[in-house]
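The structure presented is a predicted model; accordingly, all values stated were derived computationally and were not measured. Below, read A as the first sequence line, B as the second, and so on, with proteins coming before strands; counting in each chain starts at 1. Heavy atoms only: backbone and side chains are in, while hydrogens, waters and symmetry mates are out.
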Amino acid sequence: MSLVYSEEQRLLADTAAEFLQARSPVAAQRRLRDEGAAPRFDDALWKEMVGMGWSAIPFPEDLGGLAFGCMGLGAVFEALGRNLAATPLLSSIVLGGTLIELAGSGAQQAEWMPLLIAGDKRIALALDEHARHDPAATALRAERRDTGYVLQGEKVFVADGQGADAFVVVARTGGMPGEREGLSLFVVPAHALGLNVSATGMIDSRNHARLRLDGVRVDAGALLGVEGQAWTALDAALDRGRVCLAAELLGMTQNLFDTTVEYLKTRVQFDVPIGSFQALQHRAAWCYAHLQLARSAVMAGLAAMDDPTLDAAGRARLASLAKWKAGDVAHRISREAVQMHGGMGVTDELDVGLFLKRIRVAQALLGDGDFHVQRYGDMTPVEA
Amino acid sequence: MSTIEDFRRETRAWLEANCPPSMRTPMPDGELVWGGRTVEFRTEDQRLWFERMRDKGWFCPDWPAEYGGGGLSAEQNAVLESEMRRLHCRPPQINLGIWMLGPVVLEFGSEEQKRELITPMARGEIRWCQGFSEPNAGSDLASLKTSAVDEGDHFVVNGTKIWTSYGDKSDWMYMLVRTDPNVPKQQGISLLVVDMKSPGIEARPIDLISGKSSFCQVFFDNVKVPKHQLVGPLNGGWTLAKALLQHERRAMSKFGEFSLPNHVDLLSMAGRYLPPADAASTADVALRARVLAMAMDEHAYTITTQRMGEEMRTRQDVSGLMAIMKLVHSEQEKDKLEVLLDVMGHRALGWEDEAFDSSELALTRAWLGSFAQTIAGGSSEVQLNVIAKRVLGLPEGKQGK
Ligand SMILES: Cc1cc2nc3c(=O)[nH]c(=O)nc-3n(C[C@H](O)[C@H](O)[C@H](O)COP(=O)(O)OP(=O)(O)OC[C@H]3O[C@@H](n4cnc5c(N)ncnc54)[C@H](O)[C@@H]3O)c2cc1C
Ligand SMILES: Cc1cc2nc3c(=O)[nH]c(=O)nc-3n(C[C@H](O)[C@H](O)[C@H](O)COP(=O)(O)OP(=O)(O)OC[C@H]3O[C@@H](n4cnc5c(N)ncnc54)[C@H](O)[C@@H]3O)c2cc1C
């Protein structure tokens, strides 16, 4: 397990950074926000990213992928974070695509993988039902009816849900909310009768949706994997999503930190740069130290996804460590960034606030700090 | 041609054959072996392990073989360290000279000094202590006053050093002295090595809050030091001192990696005192969350040491990482022990009483000992200053002269 990018991964990171800086800088995100139109990312630009192969990175070659691993994805997500770029890479590829890869039948893979990788269609994951992320708490029911199922319930905080062509809906076919057993995955087309998709406006101005499923009928072919046994694939896909999101958080945080240090060097008060005040120096130095710990945790999380010698618990533990630490540091540094910019920090004129808002959303998405502390504990064997 | 994987296989086989099983267990307090003129062994296995590692040159694996080192490359040394960690091998001996003075003599010393100082050091024959700090020169080390006056073929040293770890148990001291009082303070300092048996030296132990007395105040009264015991140029000691302190910080940030006696496994220790989840109160749940978060931060630090190793091997600039390691490690140790204090309640507050078991008493001492680590080797505040200025490039504040 390597904790540094390989030559090839570094090349990918550089290309991604260059492309995003030229084509999708923070100013472009601000424009997207002000326009406020669905899907809240630039679809033409997304097609260009697809053209560069980003959507094929994590998948095996026999499914049309590049088999470049999560480490490769991490390099891209870090660059996306630095530029605050909105894309459906997380929702449709890392989450949606991984579920088709891991749980789908040959026929389902043949139907969906080429479309997803080509960017011709998008899938979004409909999982959360409560204020806070908790996959096992899923309550939305799927009842067997004739040869298919009927789905009834609501989903919230669905990333890139508006304009998605289909949803992977996590539903309960058995057991009780709180249990891992009894969960099933269904591919539900966006035009299904009884499915209502509405936008949720959130602080990061990205594409979030709420789903109402009112007696939605699907046939047996919509079931992804074995009925009641979705947990393993779901958890694995979520972990890939979590480490990618952690990499995005790291990119955002690094940018915010660099910007803030630059401000400390240039802003003059009391006839000196404010960066010469020890009260600020020590806080900035602590931010730097924690940022380094976060970078290590993220690299380990990414590497763990690609490491065949680890079992699921070992991967889960490192994924939770990465998401927790990246979120924790992003929080610390975004607070300091606003504070150290003084009055300017609370204005919309600077980009600091845009980062602050996206960081808060990314922290909550796929499990916040408290969720991952608990999960890390559950995955850690303790020798007495 | 042998590859690094061959080296790993051979090293693993050698360690398995030569490291006695009792030397692969956690080390209780008091079982550290200190190299020196008189080495004390508690067990035959300690002696065997000491001698076998010494004869391999593996007290100093990456020093040149011609001076008694192991002659390993950085990559091989990393393999050896990881194999020793894998087998939980204890360090065969501890010697401050090897961590701090050795690399500086190798870089700045004369050929003669390398032979005379390095070879016995690499064989664990001399115990070294560090005479840098003085009562009025702590963080501001360059304001030190202990003087060395040129008297022809020797210097005469007068003054006092303080916080000298193991000053009363060491054979030799490397020390900073003022050799020119009439120039800016950094430019009048030299590095000397001194035999602690020299007439005029007296070391008085100082008691610590942890109940230990591991350091001393050392007094120098007209102590004669031969000229050839000057390391590096006259009045050029500050450069060497800065290099030496870098080595000290690196060594201190590695303490967590070997199983030193004060190493506490947070999760297993806490697990002994927290009730199972189904019997946990709100307070227990909150404590458990704090324990876990602390363990996670420690885990992130361990991964950072590995990342730094990998970045070094791929020739990346690790100076920024290096600057945070001692700070983070020593602050984490303090935080970790405080969390355990909260988990263990009064069980962590015992002092020489049979009502407490040995691991509880050891924990209490480790907690009291942890306070020293954020002061020794450059305090946390001084580390933060270094990060702010050298790593982040923030401007110098208004300072005293
Ligand atoms: C919502 C809002 C309403 C306001 N309303 C008014 C108003 O009605 N009228 C008006 O005149 N002003 C108003 N202000 C301005 C306010 O008083 C200033 O923003 C404040 O004094 C800080 O100055 P600054 O923004 O220039 O930040 P700076 O002084 O540039 O500070 C930047 C950072 O450096 C830190 N810093 C500065 N000096 C030191 C030091 N010596 N030691 C350590 N750290 C230091 C600060 O704490 C801050 O974190 C308002 C500000 C806000 C945010
Ligand atoms: C266990 C232990 C072992 C030691 N072993 C040795 C040894 O073997 N040999 C040896 O020579 N020395 C040794 N030392 C001494 C150690 O190097 C000094 O204690 C250390 O450099 C701090 O100096 P001081 O104690 O004089 O504290 P001071 O320098 O007086 O510091 C007091 C407080 O002020 C803060 N402070 C000082 N300067 C600044 C600044 N510029 N900005 C912000 N805050 C500042 C410090 O961080 C500290 O909190 C040892 C110390 C300990 C605790």
When A/Ala289, A/Ala322, A/Ala297 are compared by non-hydrogen pairs under 4.5 Å with chain B, the top option =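 Greatest number of close heavy-atom pairs with chain B: A/Ala289.
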inquiry  = Quick check on the interface: out of A/Ala300, A/Gly369, A/Ser276, who has the most heavy-atom pairs with chain B under 4.5 Å?
reply    =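 Highest number of pairs under 4.5 Å: A/Ser276.
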If I measure from the heavy atoms of chain B, does [X] come under 4.5 Å with its side chain, its backbone, both, or neither?
| X | value |
| --- | --- |
| A/Leu318 | side chain |
| A/Arg295 | both |
| A/Gln281 | both |

Is it the side chain or the backbone of [X] that comes within 4.5 Å of chain A heavy atoms, both, or neither?
| X | answer |
| --- | --- |
| B/Val391 | side chain |
| B/Leu384 | both |
| B/Glu381 | both |

ask   = Using a cut-off of under 4.5 Å for heavy-atom pairs, which of B/Leu327, B/Val386, B/Thr302 has the most such pairs with chain A?
value =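 It is B/Leu327.
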request  = Using a cut-off of under 4.5 Å on heavy-atom pairs, state which of B/Thr304, B/Ile387, B/Leu321 scores highest against chain A.
outcome  =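 Among B/Thr304, B/Ile387, B/Leu321, the one with the most close pairs to chain A is B/Thr304.
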Before accepting this row, confirm whether a basic side-chain N of the pair [X]/[Y] lies closer than 4.0 Å to the acidic partner's carboxylate O.
| X | Y | result |
| --- | --- | --- |
| B/Arg86 | B/Glu16 | yes |
| B/Arg307 | B/Glu310 | no |
| A/Arg375 | A/Asp239 | yes |
| A/Arg180 | A/Asp235 | no |
| A/Glu336 | A/Arg332 | no |

key: Side-chain donor-acceptor pair present, A/His290, A/Lys325, cut-off under 3.5 Å   =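 Checked: A/His290/A/Lys325 side chains pair up, N/O donor to acceptor below 3.5 Å.
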message = Using ring centroids (six-membered ring only for Trp), state whether A/His282 and A/Trp286 fall under 6.0 Å.
response =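 No.
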